[in-house]
**Student:** 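Before anything else, here's the structure in question.
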Amino acid sequence: MESYEVKEHDVLVIGAGGAGLRAAIEASAQGVSVGLVCKSLLGKAHTVMAEGGMAASLSNADPRDNWEVHFRDTIRGGKHINNWQMVEIFCQEAADRVSELEEWGALFDRTKEGLIAQRNFGGHRYPRLAHVGDRTGLELIRTLQNYGIHQGFEVYMECCVVELIKEKDQVCGAFGFWRESGQFIVFKAKSVVLATGGLGKVYRVTSNSWEGTGDGHALAYRAGAELVDMEFVQFHPTGMVWPPSVQGILVTEGVRGEGGILKNSDGKRFMFEYIPDAFAAETSDSEEEASRWLKGDPEARRPPELLTRDVVAKAIRSERIAGRGSPHGGAFLDIASQRDAEYIKKKLPSMYHQFMKLGNLDITSTPMEVGPTCHYVMGGVRVEPETAMTTVKGLFAAGEVAGGLHGANRLGGNSLTDLLVFGARAGFHSAKYSKEIAEALNPSEDLLKKMERFSLEPFDPERTENPYSVMADLQETMEINAGIVRTKDEMEKGLELLQDLKNRGEKVRVEGNRQYNPAWHYALDLKNLLCVAEAITLAALNREESRGGHTREDFPESSEYFQNVNSFISDKEGSMFIENREREPMPEHLEKLL
Amino acid sequence: MAEAQFKVFRGEGAKGELFEFPVEVTEGMVVLDAVQQIQSRHANDLAVRWNCRAGKCGSCSAEVNGKPRLMCMTRMDELSLDVPVLIEPMRGFPHMKDLVTDVSRNYEINKKIRPLTPKPRETDGTYRMQQEDIERIQEFHKCIECFLCQNVCHVIRDHSVKEFAGPRFLIRIASLAMHPLDTLNRLKELKDVFGLGYCNITKCCTEVCPENIKITDNGIIPLKERVAGAFYDPLAWLWKNLTSNSKKIPEKNK
Amino acid sequence: MQRNISIQHPNRSFLETTRIDNWWVGPLLTSIGLLAFIFYSTWAAFQNEHYQWGPYLSPFYAPLLEFEWWPLSPAFLILWAPAGFRFTCYYYRKAYYRSFFLTPSACAVGARPQKYRGERFLLVFQNLHRYFLYIALIFCVILSYDAIVSFSFENGLGVGVGSIIMTLNAVFLTAFTLGCNSLRHLVGGNVDCYSCASFGHQRYQAWKFVSLFNVHHNFWAWISLFWVGFTDLYIRLVSMNIITDYRIL
Ligand SMILES: Cc1cc2nc3c(=O)[nH]c(=O)nc-3n(C[C@H](O)[C@H](O)[C@H](O)COP(=O)(O)OP(=O)(O)OC[C@H]3O[C@@H](n4cnc5c(N)ncnc54)[C@H](O)[C@@H]3O)c2cc1C
Ligand code: SF4
Ligand code: SF4
Ligand code: FES
Ligand code: FES
């Protein structure tokens, strides 16, 4: 056994996206010692890629907005299966968390009165998203980063956590390695906050980077925590589809928020035909009304392009299947006919740049081709709404890795605010929890040895599989068998294929040494990917209805039974176990907001 | 399908060689795709940083045919494929492995910059700022920390001047110095700690910045003018001494 | 597949680069352009004749200061000002640091090895650029005045090719001066909060206005440089009777 570097902290935060940074800031403010670990360099997490904005009912743009409307929108967007306690906390604290960023240096676009400007987004009744052009996530993460580095927590960059350490039912640290040197590192901590983001990499077409391998979901699961709502994966309706090398890269919803419309190959604005009954009352039913809305008429209802993401993604898919797709299998997203070139460049500069550079296309004159891409996971580690603590003692979770807030479908812009609200809560409560503990438990030698053995196995020359191909096959399997539209047969087949892949995963072979070896990192990520892939498929198979981000071809309707339950996944003697449990009913004062 | 040759620098700790690899070229391909193809087909353990693939995170900085660029934003069809495409790590930073360099110094410099110290909120609990107040610094906030400017700046790259903060951090200080809410005076440290005077405004930073930030014209030169006003302008100095004897450096505009 | 070329990392040797484009063209053209101008203007200043013809006055000699006690060409009494203005101009600094000082000659090309001190020790006087700006602003007025005068011929008002050349000269010089970074600082760049400062909005507008010219400062720098030389040459040739000034009106 090699000797490990050992670091000790009161609170260990895993993940340095918006949620992790906010948690670290809050925990440090409570006066405890904090360590922050991330796989990439600081400031490169998914949060940096977020474009459109963050939702908070500041009511700067429309005085009719308040937390209650935000609550209503979020629950309706989440198709009523959100954890309403979380939504309530979220909507009430959102505005404070956002305006606090200004004090730390964030510069949002302004209204004429000099306040934070807000833009329209899918599913939000009023303009609600504080934004900076189309690079809001960059502003958010940089602000937290530049404020955070002065708060006294320690940052471990390019350091990957492989497993959580648990002794006596209590999480007490983590085992990881430095990517640069390949050396192992052991963190001892009184509590651990997971803020590892999403799992988009289980699909082939995704807006996520290599980091989105569901590490936190898998770590928590293996540590005995419960996962909730894993069937709900969000496919963002507008990803790039052409050229192939950029397939999946996100086209922000801001394009539609600023007036962009969707057309099929016949040039028809098709979204008018896909308006669900539940939203008919607040959606325009004619192009005339939609264009009045764009001009700012407060009486006009919102255009159907701004329906929630699940609706739009499915509509694009249906158009394609009906043979009315764009040449490369998507739909046309057209802002050029709605706004002038200057406005587009000012409000959507990075989209303009992205298409110019990667797609050879000028969005101020030509429509873009877009199609669905895996973007976000609503499901995640189940947490206590107030404290963000998971079902395992000492383990907290916040951000995309935590489940419950967004229900069956997340509204655009709710994620960035989620990071702040629950990041702060997780930071605060993990610190509080740590203060009550005298000393972190010591990890046993055996456990560490086991983890070391597991991590080094891929270097075994006997093994044969190439980690890149196993990963590619896994992504293809998920794309086909548990993608946007699912059926029982396909998913059952998928589970079998996953079993095969698991066996192959145990045989992956890595060449070269331990220093900065991406093949090795992929090999270790595989285990997590396989775990979340199984969880998604199992949960999707379990939910025999269609709702939000989860669509079953064999059960196209929503069912009342499933409206009242959430699915919970946990480990029972080494295999994945799923059960449906009823949600506590919503109290009257919230119920009436709907 | 077209084929191209790539020469990729591989090695550890500054010692290395150029290895040649074939790459299958498809439509719309960028250099990062090519490097990843090499990684998955020929060199599984090729070390390279990337995240967003869309020029948003600033991870994939390297030197392509000798020019510092983001690999994910360099299309293959801009390059001549008649000769092998040369991919090297950034040369302005200590080398780690293959295309990965040690950029930690940048994080250390950043830590030395004093954080925003805002004035109090308005009585209604908000901050009022007009778009025109923040436009200038919003440009600097576009920085994705790719560190290409730090890499290309000859003060760091060729002369290894340790006191020099580098263009990335000069515009970060500019974004604080010009921030409508900030109350600190940062001019003295700009001159003495961050080495503003080392920059000879030759604009390589601006030339390579993938975010098209006019680092020199909009950031560094305005700072130089401010420092000139505070420390090198004889009339301003005289005026200051005549009008007040307490303040050595002008406070920020209210 | 493998080739044995070991490359030094990082590179610090002079002019070392792996760029394959013609990076040296830029600095080479810059040196040629600057040297050509320096030679011509010095020569023209030494001439001490043929700088006037009719209502035209060569900008190298404007304003025309003739003193008994001054033995040399009157050009030298004034040329230090525009020369100093351009020498300390941020754009020209870039140009000559690149093409003459070779620090660096082009991006990602090894800079000239030296104990590098930037603009700190010897070059600290560059900070006085603003004083040259103040003088240059006066020159803009003087040259504009000369341009107006160039329309009044002995036989009354008229327009000659020379008048147009002189007018353009004043325009180009003004456009160059309006884009000056020191001016940009002076009119509004030094304000942190336009909405709180007195006359903030006006200063913002002024700053925006100067910024318009500032973006193309290098363009105005070259065109005004070329044109001032050309104006002198034109008047010189006319006054030497090598060419005749064409009267348009
Ligand atoms: C392209 C794109 C655009 C988006 N646009 C918007 C938008 O406009 N509005 C909105 O609200 N939301 C948007 N989202 C969603 C939102 O950005 C993400 O959900 C959110 O940023 C997730 O933040 P996080 O802090 O939970 O995790 P991330 O930002 O994903 O960070 C995860 C962190 O965990 C670290 N990590 C992961 N695994 C490990 C491990 N094993 N060991 C150590 N560290 C680890 C990573 O290094 C990283 O630092 C967008 C997402 C994408 C991809
Ligand atoms: S302009 Fe200054 S900071 Fe930018 S590269 Fe040149 S010397 Fe470095
Ligand atoms: S200023 Fe530009 S080049 Fe420098 S780090 Fe930022 S984005 Fe990169
Ligand atoms: S991968 Fe993010 S900038 Fe290239
Ligand atoms: S900066 Fe060029 S003239 Fe002042």
Side-chain angles (χ1 to χ4, degrees), chain B residues 7 9 14-21 63 65-68 83 86 88-89 91-95 128-130 132-133 152 154-155 157-161 164 177-180 182 195 197-204 207-208 216-217 221-222 224-229 231-233 252-254, chain C residues 1-12 17-21 23 90-91 93-94 97-98 101 103-104 106-120 123-124 127-131 181-182 184-186 189-197 200-201 204 211 214-215 217:
Chain B
K7 277 201 233 163
F9 181 86
K15 283 196 207 62
E17 285 151 34
L18 292 172
F19 286 75
E20 224 170 285
F21 299 100
E63 304 195 358
N65 284 340
K67 278 197 187 169
V83 286
L86 180 65
E88 294 166 291
R91 290 173 153 214
F93 303 116
H95 185 239
R128 302 274 170 158
M129 289 179 263
Q130 291 297 328
E132 62 185 35
D133 296 332
V152 82
H154 69 108
V155 183
R157 186 183 177 104
D158 298 328
H159 305 297
S160 309
V161 176
F164 185 57
M178 300 175 190
H179 199 298
D182 193 44
Y198 281 105
C199 166
N200 65 354
I201 53 171
T202 36
K203 297 200 188 176
C204 286
E207 232 169 80
V208 301
T216 327
D217 286 350
I221 292 176
K224 281 194 173 233
E225 280 297 314
R226 288 179 178 214
V227 167
F231 300 102
Y232 299 111
D233 186 332
K252 292 195 58 149
N253 319 63
K254 283 281 126 56
Chain C
M1 219 159 72
Q2 172 180 343
R3 286 241 217 106
N4 247 359
I5 320 159
S6 201
I7 64 169
Q8 265 255 294
H9 198 101
N11 69 331
R12 296 245 162 75
T17 185
T18 46
R19 278 177 71 165
I20 54 172
D21 55 343
W23 56 265
Y90 285 93
Y91 169 70
R93 272 144 78 180
K94 170 199 169 192
Y97 289 145
R98 279 203 186 191
F101 288 38
T103 51
C107 305
V109 173
R112 186 168 52 86
Q114 53 166 314
K115 169 121 187 52
Y116 180 76
R117 293 178 153 186
E119 299 195 319
R120 287 158 63 90
L123 294 174
V124 78
N127 284 304
L128 296 178
H129 179 58
R130 50 186 63 188
Y131 287 93
N181 287 292
S182 293
R184 194 170 178 230
H185 171 76
L186 189 74
N190 53 355
V191 180
D192 294 329
C193 177
Y194 294 108
S195 61
C196 345
H201 185 65
Y204 174 74
S211 302
N214 183 265
V215 178
H217 196 50

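Order of the sequence lines sets the chain letters (A, B, ...), proteins ahead of strands, with each chain counted from 1.
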**Student:** Quick check for you: among B:V161, B:V152, B:I221, B:V227, which has the greatest number of heavy-atom pairs under 4.5 Å with chain C?
**Tutor:** B:I221
**Student:** Under 4.5 Å heavy-atom distance to chain B, tell me which part of C:V124 shows up: side chain, backbone, both or neither.
**Tutor:**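 Interface part for C:V124: side chain.
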**Student:** Against chain C, label B:E225 side chain, backbone, both or neither, depending on which of its atoms sit under 4.5 Å from a heavy atom there.
**Tutor:** both
**Student:** Checking B:L86 against chain C: side chain, backbone, both or neither under 4.5 Å from a heavy atom?
**Tutor:**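 The answer is the side chain of B:L86.
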**Student:** Assign the ring pair B:F164 / B:Y198 to parallel, tilted or perpendicular, where the plane angle (0 to 90°) is split at 30° and 60°.
**Tutor:**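 B:F164 and B:Y198: perpendicular rings.
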**Student:** Strictly distance-based, threshold 3.5 Å: is any side-chain N or O of C:T103 a donor or acceptor partner for the main-chain N or O of C:A111?
**Tutor:**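 Answer holds: no.
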**Student:** Side chain, backbone, both or neither: which part of C:I20 has an atom under 4.5 Å from a heavy atom of chain B?
**Tutor:** both
**Student:** Pick one of side chain, backbone, both or neither for C:H201, based on which atoms fall under 4.5 Å of a heavy atom in chain B.
**Tutor:**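 Its backbone and side chain both get close to chain B.
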**Student:** Under 4.5 Å heavy-atom distance to chain B, tell me which part of C:R184 shows up: side chain, backbone, both or neither.
**Tutor:**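 Just its side chain gets close to chain B.
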**Student:** Given B:K224, which of C:H185, C:H129, C:E119 fulfils the side chain to side chain contact (heavy atoms under 4.5 Å, CB included) condition?
**Tutor:**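 One option only clears the test, and that one is C:E119.
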**Student:** For B:H154 and C:Y116, I'd like to know if the aromatic rings sit close, meaning centre-to-centre distance below 6.0 Å.
**Tutor:** yes
**Student:** Among B:T216, B:N65, B:V208, which residue forms the greatest number of heavy-atom pairs with chain C at distances under 4.5 Å?
**Tutor:** B:N65
**Student:** For the pair C:F101 and C:Y97, name the ring-plane relationship: parallel under 30°, tilted 30 to 60°, perpendicular over 60°.
**Tutor:**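 The arrangement is perpendicular - the two ring planes meet at more than 60°.
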**Student:** Chain B heavy atoms under 4.5 Å from C:S211: which part of the residue, side chain, backbone, both or neither?
**Tutor:**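 Neither; nothing under 4.5 Å.
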**Student:** With a 4.5 angstrom heavy-atom cut-off, which part of C:Y204 approaches chain B: side chain, backbone, both or neither?
**Tutor:**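 Just the side chain, heavy atoms under 4.5 Å.
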**Student:** Are the charged groups of C:D21 and B:K67 less than 4.0 angstrom apart, N to O?
**Tutor:**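 Counted as a salt bridge, because a side-chain N and a carboxylate O are separated by less than 4.0 Å.
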